[in-house]
Q: 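Mind having a look at this structure? Questions to follow.
The analysis underlying the following values was restricted to heavy atoms, covering all of them including side chains, and did not include hydrogens, waters or symmetry mates. Below, chains carry the letters A, B, ... as their sequence lines are ordered, and counting in each starts from 1.
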2 protein chains.
Amino acid sequence: MAGTHRRRRKPPVPYHHGDLRRALLVEAARTIRAEGIEAVTLRAVGARLGVSRTALYRHFADKSALLAAVAREGFQRFRQDLIEAWTDAGGGRAGFTAMGRAYVHFALANSSHYRVMFGDFRDLSTRDPELAADASAAFQVLVDALITLQSDSLIRPDETGQLARFIWATVHGIAMLAIDGQLGPDPSVAGALTQLAIERLHTGIALARNEASPQTAE
Amino acid sequence: MAGTHRRRRKPPVPYHHGDLRRALLVEAARTIRAEGIEAVTLRAVGARLGVSRTALYRHFADKSALLAAVAREGFQRFRQDLIEAWTDAGGGRAGFTAMGRAYVHFALANSSHYRVMFGDFRDLSTRDPELAADASAAFQVLVDALITLQSDSLIRPDETGQLARFIWATVHGIAMLAIDGQLGPDPSVAGALTQLAIERLHTGIALARNEASPQTAE
DNA sequence: GCGATGATGTTGACAATGTCAACACCTGCG
DNA sequence: CGCAGGTGTTGACATTGTCAACATCATCGC
């Protein structure tokens, strides 16, 4: 054989490790999922990769930059899940319901990850502007869905951004309460609550049957 | 004079400091408000009271027990604010609106404190059962209000607990998003959002004008 | 080919923090 | 007065994030 002439002419493959940045990202995400956020220490993550602490500093500014990158990756997956739910249900009211369910499902299935994404967002996003962009892109999925629903005269023509924030706040609230253990020990409560919330939410923003175009109704 | 015969026959007044437990509680709450939760260190709090770190261990099991006590005090004030809002508005739909506003107002005016109350609730409440009781008492204010509204046939006769959790999740979600900086830099957004949310929320849970008793309406 | 060069990773050290063990003090009771 | 126990202090330790100095290695200009 040609012996140990590993990796010739491959610019995208960095020097020593291969792709330590990616590996750090994956390992951090894995640890968050498996053992929670407090288990993510530079020493532990480094050790798991056969690399010493501070190796991270060649790829991230500091620990919070790593967490911001993890959060970014989370927002990207999150966005995909939401798009998929809306699309698979064929939009409309069914799509609205599916997206709401998908939201809470993602949050509970990735609770620690979700906490990183929404925990100290202000700190992280100021240091990593791209995080804000990814978060915004995920939010935009909801806005786009509402625009479609408004175009089809299925929901009120209120300012779409505020309407989106309202719905977002509700599912986010359910997710946070469930994650933080404030909904009690029974996990089925969260599911039933999500179902009820989506129904009542829809009623709240639906166009009343008899009013054609409720301007500033109040 | 009788000289320095300080504090004779006063069992509730402890030995050296006077009431270090209370002082620790107050100082921790003050620090949280003024400098945020991460500024609450045993050394800093102790120094501010002219007492050394570890003095806390004679009054609390550990740091998280102190934070749990701070959270308890927060839930008690929170409960009072909600009761006051509901009562001052005279109940009814106006009371519902006032309570929603008071909720978000408390959360934003005491954002760091609020985060302690709702942050790692699962950990804190398992170590301090009374915290769970205080949190439950605050939640009960909302439940009681909804029961009244249901009695007056102003809102749907859905299961009150779930209805309460739904509303709770929405205002909690608004509060968390605002606190975490996810609603953008403009603070007026949160206020307008709260207003819209309360209106749409009410529409969502109101009894439809023409349906007398919508059983399991769907 | 080969040496400079910059990217990548390591070791040593440091300050901050929560916590425990051992000790010191102080108050009230018998 | 003396003891017992509640209250506070000091010393020490492990853990953590971070920086400075050093080591290594791949690549590029000659």
Q: Going from CG on Leu25(A) to CZ on Phe60(A), what distance comes out if it is rounded to the nearest 0.5 angstrom?
A: 5.0 Å
Q: Given 3.5 Å as the limit, does a donor-acceptor pair link the side chain of Arg165(A) with the main chain of Ala197(B), or not?
A: no
Q: Could you state the CZ-C1' distance from Phe60(B) to dC20(C), rounded to the nearest angstrom?
A: 19 Å
Q: Output yes when at least one side-chain N/O atom of Thr54(A) is less than 4.0 Å from OP1 or OP2 of dG9(C), else no.
A: no
Q: Please report the distance, rounded to the nearest Å, between CZ in Arg58(A) and P in dG6(C).
A: 14 Å
Q: Check whether any side-chain N or O of Tyr57(A) sits under 4.0 Å from OP1 or OP2 of dG9(C), and answer yes or no.
A: no
Q: Would you kindly give the CG-to-C1' distance between Asp19(B) and dG6(D), to the nearest whole Å?
A: 14 Å
Q: Go through dT10(C), dT10(D), dT18(D) for me and flag the one nearest to the Asp62(A) side chain.
A: dT18(D)
Q: Between dA13(C), dG11(D), dT10(C), which nucleotide has the shortest distance from any of its atoms to the side chain of Arg53(A)?
A: dA13(C)
Q: Rounding to a whole Å, what distance do you find between Leu42(A):CG and dT10(C):P?
A: 13 Å
Q: Arg43(A) has an atom CZ; how far is it from atom P of dG17(D), in whole Å?
A: 7 Å
Q: Taking atom types as modelled and ignoring hydrogens, do the side chains of Ser136(B) and Gln140(B) form a donor-acceptor contact shorter than 3.5 angstrom?
A: no
Q: Look only at the side chain of Arg53(A) and the backbone of Leu42(A), and say whether a donor-acceptor pair between them is shorter than 3.5 Å.
A: no
Q: If only side-chain N and O atoms of His59(A) are considered, is one of them under 4.0 Å from the OP1 or OP2 phosphate oxygen of dG9(C)?
A: yes
Q: Could you state the atom-to-atom distance from CG of Leu49(A) to C1' of dG9(C) in whole Å?
A: 13 Å
Q: Expressed as a whole number of angstroms, how long is the span from Leu20(A):CG to dT10(C):C1'?
A: 13 Å
Q: Give the rounded distance in Å between these two atoms: CG of Leu56(A) and P of dG17(D).
A: 10 Å
